[in-house]
Amino acid sequence: MFDSLQERLSGILDTLTRRGALTEADVSAALREVRRALLEADVALDVVRDFVETVRERAVGANVVKSVTPGQMVVKIVHDTLVETLGSDARPIDLNAAPPVAIMMVGLQGSGKTTTTAKIAKRLTERGRSKVLMASLDTRRPAAQEQLKILGEQVSVDTLPIVAGQSPVQIAQRAMQAARLGGYDVVLLDTAGRQFVDEALMAEMVEIEKATDPHEVLLVADALTGQDAVNLARAFDERLSLTGIVLTRLDGDGRGGAALSMRAVTGKPIKLAGVGEKLDELEEFHPERIANRILGMGDIVSLVEKA
Amino acid sequence: ARSSSALGQNLTALIRKRRLDDETLQDLEDILVQADLGVETAVRITERLARDRYDKEIDDAELREVLASEITGVLEPVARPLEIDGARRPHVVLVVGVNGSGKTTTIGKLAAKFRADGKSVVLGAGDTFRAAAIEQLKIWGERTGSTVVARPQGSDASGLAFDALKLAREQNADLLMLDTAGRLQNKANLMAELEKIVRVLRKQDETAPHTVLLVLDATTGQNAMNQVEIFTQVAGVTGLVMTKLDGTARGGILVAIAARHGLPVHAIGVGEGIDDLQPFEAKEFARAIVGETITEAGDDAA
Ligand SMILES: Nc1nc2c(ncn2[C@@H]2O[C@H](COP(=O)(O)OP(=O)(O)OP(=O)(O)O)[C@@H](O)[C@H]2O)c(=O)[nH]1
Ligand SMILES: Nc1nc2c(ncn2[C@@H]2O[C@H](COP(=O)(O)OP(=O)(O)OP(=O)(O)O)[C@@H](O)[C@H]2O)c(=O)[nH]1
Ligand SMILES: [Mg+2]
Ligand SMILES: [Mg+2]
């Protein structure tokens with residue numbers, strides 16, 4: 001479906017029969033195609049610019065091993081740089097704090113916060129044997145609190161009883177208190193979706209963070225996001241002490257460039273990946289897979305590795 | 001590194017340059033790429049711009065005008081409001097799209113609009129999968145004074161579609177809007193379910209659905225093109241709504257979609273509220289893609 005980067009580069013570079021170090025000119029021609037491939041995969045332009053420069057520095061002068069083409073060599077360097085940027089520091093959710101440990105979920109409307117909240121609750125309950133409480137602080141979206149309640153029943157995790165008329169901050173305080181009194185290990189705080197240009201809602205979000213002092217603040221973002229990924233990641237990161245990113249809808253056929261954009265501008269690890277609507281469809285994030293998706297390619301990397 | 005808020009800086013640079021050379025064209029292309037038009041469409045538009053004017057002196061006001069009008073030219077033919085055929089009782093609107101794009105909310109907003117026009121509206125709670133999706137639609141039904149047809153969560157969606165059409169026919173309603181569960185277009189089984197909904201509707205009215213609305217999220221990048229293609233193949237999409245344009249995402253992929261498919265764009269969503277639905281205005285949308293900053297910079301310079 002997509003021209004893989006390798007196919008494109010072959011036109012440019014594979015005609016070079018010469019071996020030895022890659023020259024500035026070889027690399028520049030290749031990097032124009034790399035730039036385009038990354039943009040088509042929805043990596044944000046600013047991030048593409050920086051990324052291409054890093055690759056240039058690494059590629060010029062690199063020695064092309066005998067059994068691969070210069071094009072394959074460049075792809076390998078691009079790939080490795082991608083993997084490194086995406087997740088050399090993969091870290092799971094950290095619960096290493098005095099209970100109840102609060103985890104706050106934030107993000108744009110419809111990104112998958114509520115579903116991911118329930119997925120994480122299920123995982124922590126089953127694998128970590130933690131006692132988990134979930135609370136919906138979403139007083140805006142119709143039936144949002146009801147949604148979390150139903151999900152709680154599906155995964156057998158307690159949810160904070162719904163009390164009509166409370167503000168999100170009040171609900172958050174009630175959740176923390178209920179968790180303390182009820183001996184819960186973890187409190188998951190699902191917040192309403194918000195646009196980061198909506199100052200009132202951004203301020204409210206900061207209030208919630210202040211009131212609950214969460215140990216993890218996770219930005220839940222859609223893997224299909226386009227160029228706006230940098231703006232949204234930056235905006236949430238500026239206002240909160242983000243500790244990580246959860247990427248949803250990786251079960252789609254999007255190229256996933258948003259992962260690189262958000263990782264690059266915030267420096268925050270991508271902790272988990274949503275790969276479906278069902279509540280067990282949550283995975284560790286695999287930088288390798290996303291790198292391959294972004295590049296639209298298969299086996300070239302292992303080819304170079306074997307060489 | 002240039003940040004994306006460097007849009008303004010890019011444009012300030014443009015004002016100074018004034019000659020439509022390769023560098024200026026590259027800057028323009030970058031602006032379009034940052035608005036999610038995609039590289040191919042961005043290149044095509046800037047090339048068209050360069051055709052008559054390459055290397056000419058061009059002042060910034062003119063530059064922004066021609067760029068916006070190139071885009072407007074692509075969008076104008078697809079800017080068409082959603083028309084309800086009064087001869088159909090009901091006119092059936094099937095609403096489809098990927099997860100979380102804004103289908104249910106858009107149904108609520110449209111219901112409000114048609115109710116205000118004095119039309120009778122039935123809503124079918126065809127998302128029988130997602131937790132509280134039915135509750136959510138029921139609340140929109142209450143807000144808009146529309147009848148909601150629902151079955152318990154977990155029921156068959158096409159069965160619900162059948163029920164909803166039956167009731168809407170019995171009530172001689174003007175309009176039936178059918179909500180569906182969000183689904184990613186690469187999931188064959190879920191797409192087959194959508195096909196089945198269409199088949200079942202046609203058992204009662206072979207002309208239904210009269211409108212198949214695909215709801216796109218403006219934050220989505222290049223994948224939206226795929227969404228249009230697959231949903232059109234499977235469910236015969238007849239028109240688009242783009243939501244979440246109240247953020248900073250510009251939804252430029254719509255330009256590429258308009259150029260390739262020519263599907264009507266009926267409305268845009270600009271918030272979560274009942275009134276946050278606006279007609280799709282080609283010129284306004286094009287100007288937003290080119291950037292407010294241009295307008296301001298241009299006005300200052302003028
Ligand atoms: N395919 C797929 N769908 C997902 C995934 N995560 C969430 N969803 C779906 O995305 C839609 C939105 O999910 P929610 O959890 O309601 O999103 P939210 O961020 O809480 O939405 P708001 O509260 O309205 O801002 C639902 O249809 C979910 O089933 C995922 O990883 N893959
Ligand atoms: N800011 C903004 N939010 C919107 C807009 N349209 C919908 N939303 C929000 O986006 C979220 C998802 O909207 P829904 O209508 O539930 O989306 P959906 O496509 O029905 O989702 P699923 O049924 O889960 O696939 C909700 O929080 C809505 O309030 C819009 O135009 N602007
Ligand atoms: Mg939610
Ligand atoms: Mg819905």
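In the text below, chain A, chain B and the rest are named by the order of the sequence lines, each starting its count at 1. Please read all numbers here as calculations on a predicted model, not as lab measurements.
Between B:Gln222 and A:Glu40 the shortest side-chain heavy-atom distance does not fall below 4.5 Å.
Side-chain contact check for A:Asp228 and B:Thr219: no donor-acceptor pair (N or O, by modelled atom type) lies under 3.5 Å.
Looking at A:Asp253 and B:Lys187, no side-chain N of the basic residue comes within less than 4.0 Å of a carboxylate O on the acidic one, giving no salt bridge. Salt bridge status for A:Arg249 with B:Asp217: absent, with no side-chain N to carboxylate O gap under 4.0 Å.
Of the atoms belonging to B:Glu40, heavy atoms from both backbone and side chain fall under 4.5 Å from chain A. Using a 4.5 Å cut-off between heavy atoms, A:Glu53 makes no contact with chain B at all. Heavy-atom distances place no part of A:Arg194 under 4.5 Å from chain B, backbone and side chain included. Using a 4.5 Å cut-off between heavy atoms, B:Glu135 touches chain A through backbone and side chain atoms alike. Within the 4.5 angstrom heavy-atom criterion, only side-chain atoms of B:Leu190, from C-beta onward, approach chain A.
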| message | Quick one, B:Lys244 with A:Asp222, criterion salt bridge (charged side-chain N to carboxylate O under 4.0 Å, His left out). Give me CA distance, side-chain angles, the key distance, then yes/no. | response | CA-CA 14 Å; B:Lys244 307 186 195 176; A:Asp222 184 344; over 6 Å; no
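Of the listed residues (A:Thr248, A:Thr225, A:Leu232, A:Val265), the greatest number of heavy-atom pairs within a distance under 4.5 Å of chain B belongs to A:Thr225. The greatest number of non-hydrogen atom pairs below 4.5 Å with chain A, out of B:Leu184, B:Thr105, B:Asp36, is found for B:Asp36. Of all the listed residues (A:Thr114, A:Val197, A:Asp251), the one sharing the greatest number of non-hydrogen pairs under 4.5 Å with chain B is A:Asp251.
To the nearest 0.5 angstrom, B:Gln34 atom CD is 4.5 Å from A:Leu45 atom CG. Within the model, atoms CG of B:Asp246 and CG of A:Asp198 stand 8.0 Å from one another, a figure rounded to the nearest 0.5 Å.
Contacts between residues 106-113 of chain A and chain B, counted as heavy-atom pairs separated by less than 4.5 Å, involve A:Leu108, A:Gln109, A:Gly110. Taking 4.5 Å as the heavy-atom cut-off, the residues of residues 134-150 of chain A that approach chain B are A:Arg140, A:Arg141, A:Pro142, A:Ala143, A:Glu146, A:Gln147, A:Ile150, ordered by number.
Nearest heavy atom pair, residue B:Ala131 against residue A:Leu151, reads CB-CD2, 3.7 Å. Across B:Val33 and A:Gln227, no two heavy atoms sit closer than the pair O-CG, 3.2 Å.
For the pair B:Asn223 (side chain) and A:Leu224 (backbone), a donor-acceptor distance under 3.5 Å is absent.
With a 6.0 Å radius and a threshold of 12 heavy atoms from other residues, nucleotides or ligands, A:Glu204 has its CD atom above the threshold.
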